[in-house]
Asker: 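Here it is, the structure, as structure tokens.
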Amino acid sequence: MDGNDSARRLAKAACALDGAYDRLSKKLGIKGNLLWLLYILDDGEAHSQKQICETWLFPKTTINTLIKECQRAGYVTLHTIPGKKRELHIQLTDSGRDYVRQKLQAFYQGEEAALQRTLETCPPEFVSYLETYAENLIAAFAAYENRKEPS
């Protein structure tokens, strides 16, 4: 098996994962990007818009729009970060947490079932391997984006 075939298989798997999450978000009646924002915020940590965009590779305008939507619905609050004038922590409100738990229950159950089934045949390290590949792919694409084209 050559590298191109493996890369294509990984790309296909990534698209299939994205498609599976997208299908479920539609079934749950939530926009795909909103589902991801709620998922991110449901880890109990404080997140800034900047951190979400950098870590999850979301466009700033997308996250900004979703945060405003969640604020209007009463699902999130924004808090200033000491020493940072333009950055705010985004946190779920109690009603936001209730909404997330209710809406994402099937999401979490599906992930857990799939992971348990995968671990029957794959070592737990497969997650770290996939993270390493993603980091390397991001770096390789960034290097390509940043290169200067010959004049």
Asker: Salt bridge (Lys or Arg N to Asp or Glu O under 4.0 Å) for Arg8 and Asp5? Distances and angles first, verdict last.
Answerer: CA-CA 5 Å; Arg8 184 170 295 278; Asp5 184 49; over 6 Å; no
Asker: For Gly74 and Thr93, which heavy atoms make the closest approach, and how far apart are they?
Answerer: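 For Gly74 versus Thr93, the nearest heavy atoms are O-OG1, 2.6 Å.
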Asker: For the side chain of Asn136 and the backbone of Thr132, is there at least one donor-acceptor N/O pair under 3.5 Å apart?
Answerer: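 Side chain of Asn136 to backbone of Thr132, a donor-acceptor pair under 3.5 Å: yes, one is there.
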Asker: Looking at Lys26 and Asp22, what are the two nearest heavy atoms and their distance?
Answerer: NZ-OD2, 2.5 Å
Asker: Rounded to the nearest 0.5 Å, what's the gap from NZ on Lys31 to CG on Leu66? Could you check?
Answerer: 5.5 Å
Asker: Between Glu45 and Asp43, which heavy-atom pair has the shortest distance, and what is it?
Answerer: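 Distance-wise, the nearest heavy atoms are N-OD1, 2.9 Å.
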Asker: Please tell me if the side chains of Tyr21 and Glu111 come closer than 4.5 Å, counting only heavy atoms from C-beta onward.
Answerer: yes
Asker: Closer than 3.5 angstrom, by distance alone: can the side chain of Ser25 be matched with the main-chain N or O of Leu35 as a donor-acceptor pair?
Answerer: no
Asker: Go through the steps for Leu38 and Tyr99 under the test side chain to side chain contact (heavy atoms under 4.5 Å, CB included), then give the verdict.
Answerer: CA-CA 9 Å; Leu38 296 173; Tyr99 178 76; 3.7 Å; yes
Asker: Are Leu130 and Phe141 linked, directly or through other ILVMFWY residues, by side chains that come within less than 4.5 angstrom of each other?
Answerer: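 Shared cluster, yes.
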Asker: Tell me, with the steps shown, if Ile63 and Lys60 meet side chain to side chain contact (heavy atoms under 4.5 Å, CB included).
Answerer: CA-CA 5 Å; Ile63 293 300; Lys60 289 178 186 174; over 6 Å; no
Asker: Decide whether Glu120 and Gln116 meet the rule of one side-chain donor and one side-chain acceptor closer than 3.5 Å.
Answerer: no
Asker: Are Leu10 and Leu137 linked, directly or through other ILVMFWY residues, by side chains that come within less than 4.5 angstrom of each other?
Answerer: yes
Asker: Once rounded to the nearest 0.5 Å, what's the spacing between atom OG1 of Thr77 and atom CD1 of Ile67?
Answerer: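 Nearest 0.5 Å value for the OG1-CD1 distance: 11.0 Å.
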Asker: In the single-linkage hydrophobic clustering (I, L, V, M, F, W, Y; side-chain heavy atoms under 4.5 Å), do Ile40 and Tyr108 co-cluster?
Answerer: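 Yes; tracing contacts between hydrophobic side chains, which count when under 4.5 Å, links both residues.
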Asker: So do the side chains of Leu37 and Ile90 get within less than 4.5 Å of each other, counting heavy atoms only?
Answerer: no
Asker: To the closest 0.5 Å, what do you measure between CG (Leu34) and CG (Leu28)?
Answerer: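 Atom-to-atom, Leu34:CG and Leu28:CG are 11.0 Å apart.
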Asker: Report the C-alpha distance between Gln91 and Leu41 in whole Å, list the side-chain angles of each, state the deciding distance to 0.1 Å, and finish with yes or no for side chain to side chain contact (heavy atoms under 4.5 Å, CB included).
Answerer: CA-CA 6 Å; Gln91 291 185 292; Leu41 296 175; over 6 Å; no
Asker: On the 0 to 90° scale, with breaks at 30° and 60°, tag the Trp36-Trp56 ring pair as parallel, tilted or perpendicular.
Answerer: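 The arrangement is tilted - the two ring planes meet at 30° to 60°.
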Asker: Got a second to check how far Ile30's CD1 is from Phe107's CZ, nearest 0.5 Å?
Answerer: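 Separation between the atoms: 9.0 Å.
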Asker: Are Tyr39 and Leu17 connected in a single hydrophobic cluster, I mean Ile/Leu/Val/Met/Phe/Trp/Tyr linked by side-chain heavy atoms less than 4.5 Å apart?
Answerer: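 Unlinked, Leu17 and Tyr39 end up in two clusters.
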Asker: If you define the side chain from C-beta out and look only at heavy atoms, does anything of Gln49 sit under 4.5 Å from Leu88?
Answerer: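 No; the side chains remain at least 4.5 Å from each other.
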Asker: Is the NZ atom of Lys103 crowded by more than 12 outside heavy atoms at less than 6.0 Å?
Answerer: yes
Asker: Could Arg101 and Asp98 be called an ion pair, given the rule that one side-chain N must be under 4.0 Å from one carboxylate O?
Answerer: no
Asker: How many angstroms lie between SG in Cys70 and CG in Leu92, if you round to the nearest 0.5 Å?
Answerer: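 Atom-to-atom, Cys70:SG and Leu92:CG are 8.0 Å apart.
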Asker: Does Arg72 reach the side chain of Lys68, with side-chain heavy atoms less than 4.5 Å apart?
Answerer: yes
Asker: Would a hydrophobic clustering, with Ile, Leu, Val, Met, Phe, Trp and Tyr connected at side-chain separations under 4.5 Å, put Val127 with Leu119?
Answerer: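 Yes, same cluster.
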Asker: Around Gln105, counting heavy atoms of other residues, nucleotides and ligands shown, do more than 12 lie under 6.0 Å from its CD?
Answerer: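 Open: at most 12 neighbouring heavy atoms sit under 6.0 Å from CD of Gln105.
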